[in-house]
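Right, one structure below, let's go through it.
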Amino acid sequence: IPQRTMKERKIMPDDRNLAPWFSLANKLLDIGYEIAASAGPEVQRNDDHAGDIRLMAVSLIARSLSNLRGVLAMVVAKRLVEARVLARCILENQFWLVGFTNEPDKFRQLIIDDDLNRRGSKGRTLFETGEMPDDVEKKLRGWMRDNKGWKTSKSVTPKQIARDAQIGDAYV
């Protein structure tokens with residue numbers, strides 16, 4: 001993650017009532033950037049699947065940081081519905097992170113299965129609903145043939161992840 005100056009990261013509202021919340025959010029961003037930046041050496045160390053798990057966890061942190069910046073920008077723009085959607089994404093990322101902490105291999109496999117399921121479902125939808133260039137169709141058919149597991153892989157929901165991570169009460 002590129003190092004940025006404090007000034008580049010700060011997003012502040014015009015409304016003075018929101019300033020304490022934005023100050024807290026900006027401090028959380030600073031801490032999050034430090035955590036993500038410090039994870040580099042650990043992510044590069046690949047011991048079995050642990051490196052994959054660390055990379056997935058750091059990716060979730062990076063996504064949460066991006067979402068938090070988006071929340072702040074949406075609040076400043078008075079787009080509260082969009083800010084709420086992004087805030088919910090941060091909470092859902094937390095479910096995954098807790099799951100990685102408790103059962104890393106299980107949650108790694110859940111992400112892989114969910115990804116396979118989504119890709120296969122999208123491919124099937126493309127075949128059923130539209131036309132595509134021959135080279136794209138050939139590549140897609142090849143992927144589906146090489147990754148037959150997509151048919152039996154399962155999609156996961158945030159509610160399921162929260163329950164599996166044993167923080168189901170956090171899901172509202």
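All residue numbers refer to positions in the sequence shown, counting from 1. Bear in mind that the values here come from a model prediction, so they are computed numbers and not experimental data. Hydrogens, waters and symmetry mates play no part in the numbers below; they use all other heavy atoms, side chains included.
Listed by chain and number, the residues in a side chain to side chain contact (heavy atoms under 4.5 Å, CB included) with Val85 amount to none (sequence neighbours excluded). Scanning for side chain to side chain donor-acceptor pair (under 3.5 Å) contacts around Gln94 gives an empty result, with sequence neighbours left out. Applying the side chain to side chain donor-acceptor pair (under 3.5 Å) criterion to Asn67, with sequence neighbours excluded, gives no partner residue. With sequence neighbours excluded, the residues satisfying salt bridge (charged side-chain N to carboxylate O under 4.0 Å, His left out) with Arg79 are Glu82. With sequence neighbours excluded, the residues satisfying side chain to side chain contact (heavy atoms under 4.5 Å, CB included) with Ile111 are Met56, Trp96, Phe100. Residues passing the side chain to side chain donor-acceptor pair (under 3.5 Å) test with Asn102: none are found, sequence neighbours excluded. By the side chain to side chain contact (heavy atoms under 4.5 Å, CB included) test, Leu97 is found to be paired with Ala57, Leu60, Ile61, residues two or more places apart in sequence or in another chain being considered. Shown here are the salt bridge (charged side-chain N to carboxylate O under 4.0 Å, His left out) partners of Arg63, two or more places apart in sequence or in another chain: there are none.
Taking a 6.0 Å sphere around CG of Asp169, one finds it holds 12 or fewer heavy atoms contributed by other residues, nucleotides or ligands. Heavy-atom neighbours of Asp146 CG from other residues, nucleotides or ligands within 6.0 Å: above the threshold of 12. Atom NZ of Lys78 is surrounded by 12 or fewer heavy atoms from other residues, nucleotides or ligands within 6.0 Å.
Here the CG-NZ distance, from Leu140 to Lys138, works out to 13.5 Å after rounding to the nearest 0.5 Å. Here the straight-line distance linking atom OG of Ser64 with atom CG of Leu29 works out to 10.5 Å at 0.5 Å rounding. The CD1 atom of Ile112 sits 13.5 Å away from the CG atom of Asn117 when rounded to the nearest 0.5 Å.
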Please set out all donor-acceptor pairs under 3.5 angstrom arising from side-chain atoms of residues 157-168, sequence neighbours excluded.
from	atom 1	to	atom 2	distance (Å)
Thr157	OG1	Gln160	N	3.1

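The residues Arg118 and Asp114 are annotated as salt-bridged, a charged nitrogen and a carboxylate oxygen being separated by less than 4.0 angstrom.
Nearest heavy atoms, Gly70 versus Leu86: C-CD1, 3.5 Å. The shortest non-hydrogen separation linking Gly99 to Phe107 is O-CD1, 3.2 Å.
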Val75/Trp21 under side chain to side chain contact (heavy atoms under 4.5 Å, CB included): CA gap, chis, key distance, verdict: CA-CA 11 Å; Val75 170; Trp21 292 103; over 6 Å; no
Side chain to side chain contact (heavy atoms under 4.5 Å, CB included) evaluation trace for Leu72 with Asn26: CA-CA 9 Å; Leu72 298 176; Asn26 280 301; 4.2 Å; yes
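Looking at Ser59, its side chain does come within 3.5 Å of a backbone N or O of Leu55 through a donor-acceptor pair.
By the rule that hydrophobic residues join a cluster once side-chain heavy atoms approach within less than 4.5 Å of another member, Leu18 and Val81 end up as members of separate clusters.
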